[in-house]
Amino acid sequence: MAVEEGKDLGVTLRINPSRLFPLRLLQFFLVFLALGLGLSVFSMFTVRYLKVQNFVPVTQTILEQLPVKHCYEEPHSLESWIRPPSKLMHTMNDSELLWRASLAPRIKTYPFKRVPKIAFMFLTKGPLPMAPLWERFFKGHEGLYSIYVHSMPSYEPHFPSSSVFYQRQIPSQVAEWGRMSMCTAERRLLANALLDISNEWFILLSEACIPLNNFSIVYRYISRSRYSFMGSFDEDGPYGRGRYNENMAPEVNLSDWRKGSQWFEINRMLAVRIVEDTTYFPKFNEFCTPACYVDEHYFQTMLSIETPHLLANRTLTYVDWSRGGAHPATFGKNDIKKEFFKKISESKTCLYNNQPTTLCYLFARKFAPSALEPLLELASDVLGIS
């Protein structure tokens, strides 16, 4: 009896917890349901009266503005390759710039509509006193020219946004007259201009240069020429062959030595040859130092060796050496008369595409700032620049 009562008690202890468990589970479920309903009501109230939904687009907008790095990017279009740089200032050093500019397509025809332009490259110390005359020269010919200015690094230009010279300065370094830094500056100008695939012709000018004709004549003259315009001649005496250093052989022999004007106009192919040169540059850099003025010999000799058949062997820039000295004559206010320009136009006869012509100069130098006012007065009648 005792044993049976013990069995009954054990059964009772095992059955009671099993009956309580469903009740506790039901209570937990009811509490959870109440909390869910409460949160739902609270959310509806918040959305309706506090307008929390406005935060969602803001969050999405912020996320959309964050940079996202995709695992796969679409290849660049042709437009991205041929588009000229939006800004001329960059962080490339000279080695990087020359390498980038030396890249040239092997196929000569272009798979897009290309309007060839003239790159006007101004090598200056600072201000451009003839800028108002050049502004009139370029006016109305947008899309046919590009402008590049290499000045002293310390110079800060202040051209208005309406000027053709506005933000046309390139990263520059000090250029010393008669030294390789001058040619390096010219290569820097060429390299920056080559970054625009539409630039086909390249003209080197100074702050003291002026145009002698209007833009249409200049463009037609250069674009129709079969030759590039760089003076390159063999000159005896101390200022010619006398500047040659025999240490430049075998790359440059005495018979190769040439001299010519610093101011040139060349086509794109020759511009690429100049910026990619690593053969002649070291020789001229080491062995052509004053009194060997490298800007009168380096490009002239190199191109005469490599591409003599592409040179007209003359410059397009008029200078007057008749007064003697290391520098040409400078023209001021009192020199600017109609007779002055008539003298220039009748000063010589030359060959243009192997035919004789009296139109030999398109530019002239050196002009002092005082010459600007009379130049602007005569621009329409004498230069054809309205």
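Numbers here simply count residues along the sequence, with the first being 1. Predicted model, so just to flag it, every value in this text is computed and none were measured.
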Test side-chain contact (heavy atoms from CB on, under 4.5 Å) on W263 and S206 and set out the steps. CA-CA 9 Å; W263 313 103; S206 76; 3.5 Å; yes
Does the pair V149 and L123 meet the rule for a side-chain contact (heavy atoms from CB on, under 4.5 Å), with working shown? CA-CA 6 Å; V149 180; L123 181 59; over 6 Å; no
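- Follow the hydrophobic side-chain contacts under 4.5 Å out from L362 and you never reach L351; the two are in separate clusters.
- With R314 contributing its side chain and L311 its backbone, the two residues share no donor-acceptor pair below 3.5 Å.
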Run the side-chain contact (heavy atoms from CB on, under 4.5 Å) check on I274 and F299 step by step: do they pass? CA-CA 7 Å; I274 288 176; F299 301 153; 3.5 Å; yes
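- Residues K348 and T358 form no side-chain contact, since every pair of their non-hydrogen atoms from C-beta on lies 4.5 Å or further apart.
- Between Y227 and Y352, the ring centre distance reaches or exceeds 6.0 Å.
- Shown here for S370 and G332, the closest heavy-atom pair between the two residues is OG-CA, 3.7 Å.
- Tracing side-chain contacts under 4.5 Å through hydrophobic residues (I, L, V, M, F, W, Y), one reaches F264 starting from L270; they form part of the same cluster.
- The six-membered or imidazole ring of F159 lies away from that of Y166, with a centre-to-centre distance of 6.0 Å or more.
- Checked by atom type and distance alone, the side chain of D277 pairs as donor or acceptor with a backbone atom of F281 at under 3.5 Å.
- The aromatic rings of H327 and W177 lie tilted to each other, with the angle between the two planes from 30° to 60°.
- Between atom CG of residue L133 and atom CZ of residue F138 there is a gap of 10.0 Å, rounded to the nearest 0.5 Å.
- Surrounding CZ of R323 are more than 12 heavy atoms belonging to other residues, nucleotides or ligands, all under 6.0 Å away.
- Between P105 and K108 the shortest heavy-atom distance is O-NZ, 4.3 Å.
- Residues P127 and P129 approach most closely at O-CD, 3.3 Å, considering heavy atoms.
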Output, in order, the C-alpha distance, side-chain angles, deciding distance and verdict of side-chain contact (heavy atoms from CB on, under 4.5 Å) for L378 and K338. CA-CA 8 Å; L378 293 176; K338 289 184 178 181; 4.2 Å; yes
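- Y145 OH to F120 CZ: the interatomic distance, rounded to the nearest 0.5 Å, is 9.0 Å.
- Checked by atom type, the side-chain pair N253/S255 shows no donor-acceptor distance below 3.5 Å.
- A donor-acceptor pair under 3.5 Å is absent between the side-chain atoms of N353 and the main chain of Q355, judged by distance alone.
- By the neighbour-count criterion of 12 heavy atoms within 6.0 Å, atom OH of Y239 is sparsely surrounded, having that number or fewer from other residues, nucleotides or ligands.
- In this structure, E79 places its CD atom where more than 12 heavy-atom neighbours from other residues, nucleotides or ligands lie under 6.0 Å away.
- Evaluated for a side-chain contact (heavy atoms from CB on, under 4.5 Å) with Y293, the options M182, R179, R243 yield exactly one hit, R243.
- For R114 (side chain) and I197 (main-chain N/O), a donor-acceptor pair under 3.5 Å exists by modelled atom type.
- Taking each heavy atom of M130 and A368 in turn, the nearest pair found is CE-O, 3.2 Å.
- Side chain to side chain, S232 and N313 fail the donor-acceptor criterion of an N or O pair below 3.5 Å.
- In this structure, the separation between CG on L254 and CD on E246 is 10.0 Å, given to the nearest 0.5 Å.
- Judged by distance alone, the side chain of S225 and the main-chain N or O of I222 form no donor-acceptor pair under 3.5 Å.
- Separation of atoms CG (L372) and CG (L128) is listed at 11.5 Å; rounding is to 0.5 Å.
- Panel note: side chain R224, backbone Y219; no donor-acceptor pair is recorded below 3.5 Å.
- A continuous path of hydrophobic side-chain contacts links L375 to F122 [ILVMFWY only; heavy atoms under 4.5 Å].
- R268 contributes a side-chain N or O that, together with a main-chain N or O of L194, makes up a donor-acceptor pair within less than 3.5 Å.
- The aromatic rings of F340 and F367 sit perpendicular to each other, their planes meeting at more than 60°, with 30° as the lower class boundary.
- For the residue pair S163/E135, the side-chain donor-acceptor check at 3.5 Å is satisfied.
- With a 4.5 Å cut-off on side-chain heavy atoms, N199 and I118 do not count as touching.
- No donor-acceptor pair under 3.5 Å is formed between the side chain of T330 and the backbone N or O of K366.
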Yes or no on salt bridge (charged side-chain N to carboxylate O under 4.0 Å, His left out) for E235 and R241, after CA distance, side-chain angles and deciding distance? CA-CA 6 Å; E235 179 182 306; R241 288 197 173 200; over 6 Å; no
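- For the pair P171 and M89, the tightest heavy-atom approach, listed with the atom from each and the gap, is N-SD, 3.8 Å.
- Counting heavy atoms of neighbouring residues, nucleotides and ligands inside a 6.0 Å radius, atom CD of E142 exceeds 12 of them.
- At a threshold of 4.5 Å between non-hydrogen side-chain atoms, the residues L212 and V382 do not count as touching.
- By the 4.5 Å heavy-atom criterion applied to side chains, W257 and M248 are counted as neighbours.
- Looking at heavy atoms from C-beta onward, Y361 lies in side-chain contact with S347 at the 4.5 angstrom threshold.
- In the hydrophobic cluster analysis, where Ile, Leu, Val, Met, Phe, Trp and Tyr join through side-chain heavy atoms closer than 4.5 angstrom, I203 is grouped apart from L189.
- Residues Y148 and R168 are in side-chain contact: their nearest non-hydrogen atoms beyond the backbone lie under 4.5 Å apart.
- Considering only heavy atoms from C-beta on, R365 stays 4.5 Å or farther from I210 through its side chain.
- A centroid separation of 6.0 Å or more is found between the aromatic rings of W134 and F165.
- Separating the OG1 atom in T315 from the CD atom in E265 is a distance of 9.5 Å, to the nearest 0.5 Å.
- Q262 and E186 are linked by a side-chain donor-acceptor pair at a separation below 3.5 angstrom, with hydrogens and angles left out of the test.
- When all heavy atoms are compared, the tightest approach of A191 to L98 is CB-CD2, 3.9 Å.
- Taking CG of N192 as the reference point, atom OG of S146 lies at 11.5 Å (rounded to 0.5 Å).
- Annotation: K333, atom NZ; neighbour count of heavy atoms from other residues, nucleotides and ligands within 6.0 Å does not exceed 12.
- When atom types are taken as modelled, the side chain of D196 and the backbone of P84 share no donor-acceptor pair closer than 3.5 angstrom.
- In summary, the aromatic rings of F363 and Y318 are positioned with their centroids too far apart to meet the 6.0 Å limit.
- Listed for the K283 side chain is a donor-acceptor partner under 3.5 Å among the backbone atoms of N247.
- Aromatic ring centres of Y280 and Y298 lie farther apart than the 6.0 Å criterion allows.
- Using modelled atom types, one finds no donor on one side chain facing an acceptor on the other under 3.5 Å when comparing K117 with S198.
- The shortest side-chain heavy-atom distance between W201 and I266 does not fall under the 4.5 Å cut-off.
- Looking at residues two or more places apart in sequence or on another chain, you find a side-chain hydrogen bond (donor to acceptor under 3.5 Å, both in side chains) between R188 and D94, H150.
- Cation-pi geometry between R258 and F233 is not met at under 6.0 angstrom from the ring centre and within 45 degrees of the axis.
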